[in-house]
Engineer: 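Below are the structure tokens for one structure; questions will follow.
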Amino acid sequence: MNATDANALRSAEVSRRTAETDITVRLAVDGTGRTDVRTGIGFLDHMLDQVGRHGMFDLTVHAKGDLHIDAHHTVEDVGITIGQALRQALGGKQGIRRYGYAYVPLDEALSRVVVDLSGRPGLEFHVPFTRALVGTFDVDLIHEFFQGFVNHALVTMHVDNLRGQNAHHQAETVFKAFARALRMACEPDPRAAGAVPSTKGTL
């Protein structure tokens, strides 16, 4: 694992290996939306591609997991590893906006995500999926992805699907809104003069 210094491109590379998964994530916060995602789970790859492209992060995720059991361990551990990479890439969080939010529609679906890079993990997830599967992907695992992410990025996040009839659209609006909210929260604040945006002086 390593992160660049604060004066360079904010980026990190994290490898996580367990008896269940083998994952490498490379994340550049100030990227151009380039993605290279290979998890063995097609729908997860599609969602992570949205995160890179709409968040303007350069994101590489290579994962091998025990998919012969199911996708749970892989999806959760990818969320964990991306969270670890973001935490490393942001370093001391000097001069960032800290807060971000986004509303994203896709046809009949609309989702809102609000992010606080608070240093405290917390997830409120309210997504009433209209069916249990998108193809063969269990939509319950989307919660597991975000729980793993917030626990290891140390982020507070509220995820709300405000309306939607198509479960694919519901999920896609959630991931796109997550990307846009995170992009806003990570952006440099030109008025912050490099200060940490907290009365405590640390995040």
Side-chain angles (χ1 to χ4, degrees), residues 1-6 8-93 113 115 117-123 125 133-157 159 171-172 174-175 178-179 181-183 185-186 203:
M1 301 183 188
N2 61 79
T4 59
D5 64 61
L9 187 72
R10 295 178 295 172
S11 63
E13 179 173 337
V14 175
S15 293
R16 174 182 171 85
R17 293 180 178 87
T18 73
E20 299 165 339
T21 60
D22 183 350
I23 299 168
T24 297
V25 167
R26 289 186 291 276
L27 172 67
V29 174
D30 306 299
T32 60
R34 294 192 305 270
T35 62
D36 177 9
V37 180
R38 289 175 273 169
T39 68
I41 305 166
F43 189 71
L44 180 61
D45 291 357
H46 179 45
M47 294 299 101
L48 295 180
D49 189 52
Q50 306 300 327
V51 172
R53 291 177 184 274
H54 293 279
M56 294 302 287
F57 307 120
D58 290 344
L59 178 63
T60 296
V61 181
H62 294 168
K64 295 179 181 177
D66 53 1
L67 299 182
H68 61 286
I69 297 175
D70 70 7
H72 186 287
H73 298 143
T74 302
V75 174
E76 181 181 22
D77 285 7
V78 166
I80 288 170
T81 312
I82 292 174
Q84 291 173 335
L86 179 71
R87 186 180 175 192
Q88 287 192 41
L90 291 179
K93 302 178 186 174
V113 174
V115 170
L117 302 179
S118 61
R120 299 183 303 277
L123 177 64
F125 187 85
L133 298 175
V134 176
T136 60
F137 185 85
D138 180 355
V139 296
D140 284 348
L141 298 182
I142 294 175
H143 177 274
E144 300 307 313
F145 171 87
F146 285 116
Q147 190 69 69
F149 171 80
V150 301
N151 285 349
H152 290 264
L154 302 183
V155 167
T156 301
M157 187 161 69
V159 179
E172 190 162 331
V174 163
F175 275 89
F178 166 63
L182 193 59
R183 175 180 172 181
C186 292
L203 288 172

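Quantities reported herein were computed from a predicted structural model and do not represent experimental measurements.
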Engineer: Nearest 0.5 Å, please: how far is CE in Met157 from OG in Ser118?
Structural biologist: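 Spacing of OG (Ser118) from CE (Met157) equals 11.0 Å.
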Engineer: Could you pull out the closest heavy-atom pair between Ala85 and Ala12, with the gap in Å?
Structural biologist: O-CB, 3.5 Å
Engineer: Report, one line per pair, each donor and acceptor closer than 3.5 Å where one atom sits in a side chain of residues 143-155; sequence neighbours left out.
Structural biologist:
from   : atom 1 : to     : atom 2 : distance (Å)
Gln147 : NE2    : Asn151 : OD1    : 3.2
Asn151 : ND2    : Gln147 : O      : 3.3

Engineer: By the salt bridge (Lys or Arg N to Asp or Glu O under 4.0 Å) test, which pairs, at least two apart or in different chains, include something from residues 68-85?
Structural biologist: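 Counting only pairs at least two positions apart or across chains, the salt bridge (Lys or Arg N to Asp or Glu O under 4.0 Å) contacts touching residues 68-85 are Arg16-Asp77.
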Engineer: Just jot down the side chain to side chain contact (heavy atoms under 4.5 Å, CB included) partners of Arg26, sequence neighbours excluded, or say none.
Structural biologist: Glu13, Thr24, Thr60, His62
Engineer: Return the set of residues passing side chain to side chain contact (heavy atoms under 4.5 Å, CB included) with His73 (not counting sequence neighbours), or none when no residue passes.
Structural biologist: Glu20, Thr21, Asp66
Engineer: What distance separates Gln84 CD from Leu86 CG, expressed to the nearest 0.5 Å?
Structural biologist: 11.0 Å
Engineer: Give me the atom names and distance for the closest heavy-atom approach of Leu48 to Leu59.
Structural biologist: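 Distance-wise, the nearest heavy atoms are O-CD2, 3.8 Å.
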Engineer: Go through it in stages, so that I can follow the logic: the residues are Leu133 and Val139, the test is side-chain contact (heavy atoms from CB on, under 4.5 Å), and I'd like the CA-CA distance, side-chain angles, deciding distance and then a yes or no.
Structural biologist: CA-CA 6 Å; Leu133 298 175; Val139 296; over 6 Å; no
Engineer: For the residue pair Phe57 and Val51, what are the closest heavy atoms and their distance?
Structural biologist: CD1-O, 3.7 Å
Engineer: Can you give me the closest heavy-atom contact between Asp58 and Gly33, atom names plus distance?
Structural biologist: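 Heavy-atom minimum between the residues: OD1-N, 3.2 Å.
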Engineer: Give the minimum heavy-atom separation between Ala185 and Leu117, together with the two atoms involved.
Structural biologist: O-CD1, 3.7 Å
Engineer: Counting only heavy atoms not in Arg87 (residues, nucleotides, ligands), do more than 12 fall under 6.0 Å from its CZ?
Structural biologist: no
Engineer: Among all residues two or more places apart in sequence or in another chain, which pass the side chain to side chain contact (heavy atoms under 4.5 Å, CB included) test with Arg53?
Structural biologist: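 Result, side chain to side chain contact (heavy atoms under 4.5 Å, CB included) vs Arg53: Thr35, Asp49.
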Engineer: Work out which heavy atom in Ser11 is nearest to a heavy atom in Ala28; give both atom names and the distance.
Structural biologist: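 Heavy-atom minimum between the residues: CB-CA, 3.9 Å.
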Engineer: For Asp22, what residues pass the salt bridge (Lys or Arg N to Asp or Glu O under 4.0 Å) criterion, not counting sequence neighbours?
Structural biologist: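 Partners of Asp22 by the salt bridge (Lys or Arg N to Asp or Glu O under 4.0 Å) criterion, ordered by chain and then number, come out as Arg17.
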Engineer: Identify every side-chain donor-acceptor pair in residues 39-46 under 3.5 Å, counting partners at least two apart or on other chains, and give the distances.
Structural biologist:
from  : atom 1 : to     : atom 2 : distance (Å)
Thr39 : OG1    : Ile41  : N      : 3.1
Thr39 : OG1    : Ile41  : O      : 3.3
Thr39 : OG1    : Asp45  : OD1    : 2.5
Asp45 : OD1    : Thr39  : N      : 3.1
His46 : NE2    : Glu172 : OE1    : 3.3

Engineer: Tell me whether Asp36 is salt-bridged to Arg34, with the criterion being a basic N under 4.0 Å from an acidic carboxylate O.
Structural biologist: no
